Amino acid sequence: MYLKLAWLNLWRNKRRTIIAITSVFYAVVLSVFMTSLQMGTMNQMVANVAGAYSGYIQVHQKGYWDDQSLDNSMVTNDALANTIKQAPDVDESVPRLQSFALASSGNATKGVMITGIDPIKERKLVNLEPKIIRGKYFGSDSEQSVILASGLADYLKLKINDTIVFLGQGYHGSSAAGKYSIKGIIKLVSPDLNKSMAFMPLKTAQALFSTPAMLSSYAIVIKDVDGIDRTLAYLKKNMDTSKYEVMDWKQMSPELDQAVKGKMASGSIIEGVLYMIVAFGIFGTILMMTTERTYEFGVLVAIGMNRRRLALVTALESLFMSFLGVLIGYVASMALVLYFVHYPIHMTGALAKSYEQFGLAPYIYTAFQFSIFYNQAIIVFVISVLICLYPLSKILKLKPVEAMHGE
Amino acid sequence: MNVIDINNVSKVYHDNAIPVPAVTDVTLHFTEGEFAALVGPSGSGKTTLLNIIGGLDKPTKGEVIIEGQNVTSLSDSKMIDFRLQNIGFVFQAYNLIPVLTARENVEFIMLLQKRPKAEREKRVAELLKEVGLQDKMDTRPNEMSGGQQQRVAVARALASKPKFILADEPTANLDSKSAANLLDIMSEMNKNENITFIFSTHDSRVIERAHRVITLTDGVVSSDVLQK
Ligand SMILES: Nc1ncnc2c1ncn2[C@@H]1O[C@H](COP(=O)(O)OP(=O)(O)OP(=O)(O)O)[C@@H](O)[C@H]1O
Ligand SMILES: [Mg+2]
């Protein structure tokens, strides 16, 4: 009965109610869409770094991260590899050996970062093959060849099948030197990386640096990014943490973590403003709805309707109003978000360039996460409850004689 | 036992700190089945007195006793429940909930009383028939004439099975034919259900119909006569 009455009351002034519902609708669509865009961009940023390069979690010899030298690399350890494999949500642990060397060709030289990779396992992380613009991917895990980033290749004026010479320092001060043929050239989105990266098969790299069977890191590919804390906790518990260190992407790239948090915070401010506007809209509507019915409320209290029931009906009216707005807002924003999940916005020009500087593909991605919708529902609910408070407090103090006197 | 005892009731309003005596030392008693008119010029205190009897307003002095219970001392929210169970109201206008039909308006008060569905439906149909609105049951107030709306209001006042009904100028907004018709219905109800009616009015044709006429002058009962 109260539900019915509230519902009927809602439609007394159709236009006004529709305006109020529409304002809720727009706020929901805007803020859901904005949040999705943000989350999408964040996820993409993180995925570009963690999901496509460093891995969300890495395991190293203790002390490696602070001093990333070959001397801090670890011996390949099957027990450790097994522990990692057994951790929840782990898809793959990708072994790598990384160090710096000087690359030369003709009379050009340049410092490069050499990464020794397992050609098969690495497909799950820095998947080089699709990035190849010239040449081919590694055929075995010990061939004497390298894949260069295109910026580096251009700088050294190298083509496929040319020879590159690496000179550097190996394990415990030994010297590292080798000649390799260029098997492929890849294009990396990040301009910095594109100028400095060289990849070779793991065993080839181990031979170059005189570190047979040694690794800089296990980069871990996980299936569920949201479950990263579980994986991390498992590893910390089951590994020998006096010998090894486990780090997630937030520890490895604190600047990325900061960027994500900062963007989220600025997004929340805009969202807050949006919701303020809506709150005032609903507040005005509810206020009008209640003040213009003061006489009627007076009659109702006079004939014996207690104020709490009257307040309930009014509260239901505002809840109906916001939930209608939220409901159709959801339907619309889900459609919108899903559309852009499938067809990300492609950027061009300066904006695209600035994205590329951050190592991002020039697309704006949206994220479809139920947590976004869920959070918005809670926010709108809280707002409508808060908005009710003032008219409700008036109703709870209503005196029929005064109400019917037109005060 | 009397239905209503009004003992030495006074009410003083304060208008910008200036005391305005609205009702002064009124003592009145009503027995079951009375059909009484409260008359007097504008500002003489009719509305104030009815509000005090109905517990919508508290007297500055004196007490109101309904079937032996002193209601002056009841708390605000207890008084609301007391009204729901014991007193029917008809106001001058806009009595009804505009979004509900005649049937729903009458049923509403019984819903507040938590009466069972079967009883509600039966009584609503009976009452609307008695007030001559059996074919307006599913009509909303804005599609009814003023007289029809007031008849629904009377039906609603009766639906809660109150001990008495207070009506403040129920015919003030009606033409003389509708007013006469409403009075017919009220006196019919008064006779059939033996329910006490107290109504205020300016209208001499309405006053004629009352069995008892109480005149207020400047907040004081200046005459109280039985007629017919
Ligand atoms: N809330 C109030 N505040 C101040 N004074 C009031 C208030 N209500 C009524 N009064 C005063 O009390 C007196 C009695 O008013 P009341 O409304 O009871 O008269 P009435 O007989 O019903 O008049 P009418 O025939 O015009 O309805 C008047 O002088 C009025 O101005
Ligand atoms: Mg009056």
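What you see is a predicted model, and the numbers here were worked out from it, not measured in a lab. First the proteins, then the strands, lettered A, B, ... as listed; each starts at 1.
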[atom1] ([X]) with more than 12 external heavy atoms under 6.0 Å:
X: B/K58; atom1: NZ; result: yes
X: B/F82; atom1: CZ; result: yes
X: A/M276; atom1: CE; result: no
X: B/Y13; atom1: OH; result: yes
X: A/F280; atom1: CZ; result: no
X: A/F33; atom1: CZ; result: yes
X: B/D218; atom1: CG; result: no

Between B/I80 and A/R307, is any pair of side-chain heavy atoms under 4.5 Å apart?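 The answer is yes, as the side chains (C-beta and beyond) meet within the 4.5 Å cut-off.
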Can you tell if the side chain of B/F108 reaches within under 4.5 Å of the side chain of A/L300, non-hydrogen atoms only?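 Touching, per the 4.5 Å side-chain cut-off.
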Most contacts with chain B, counted as non-hydrogen pairs under 4.5 angstrom, among A/R293, A/R12, A/M1, A/R308: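 Top option by heavy-atom pairs under 4.5 Å: A/R12.
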Rounded to the nearest 0.5 Å, how far does [atom2] of [Y] lie from [atom1] of [X]?
X: B/R140; Y: A/L8; atom1: CZ; atom2: CG; result: 6.0 Å
X: A/M404; Y: B/T47; atom1: CE; atom2: OG1; result: 9.5 Å
X: B/D57; Y: A/E402; atom1: CG; atom2: CD; result: 8.5 Å

Most chain A-contacting option - heavy-atom pairs closer than 4.5 Å, from [options]:
options: B/P98, B/G88, B/A157; answer: B/P98
options: B/L111, B/D76, B/N95; answer: B/D76
options: B/N51, B/V99, B/L84; answer: B/V99

Contact class of B/A153 relative to chain A, heavy atoms under 4.5 angstrom: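 Neither part; nothing is under 4.5 Å.
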Contact origin within B/L100 toward chain A - heavy atom pairs under 4.5 Å: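 For B/L100, the contact with chain A is made by the side chain alone.
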Examine whether an atom of A/F297 lies under 4.5 Å from a heavy atom of chain B, and if so say whether it belongs to the side chain, the backbone or both; otherwise answer neither.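 The answer is neither part of A/F297.
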A/R309 (side chain) donor-acceptor with B/L112 (main chain) under 3.5 angstrom: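 Between the backbone of B/L112 and the side chain of A/R309 there is a qualifying donor-acceptor contact (under 3.5 Å).
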Under 3.5 Å: donor-acceptor pair, side chain of B/R83, backbone of A/I303: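 The answer is no, because no donor-acceptor pair under 3.5 Å joins these two groups.
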Between A/A302 and B/F91, which heavy-atom pair has the shortest distance, and what is it?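 Minimum heavy-atom contact is CB-CZ, 3.6 Å.
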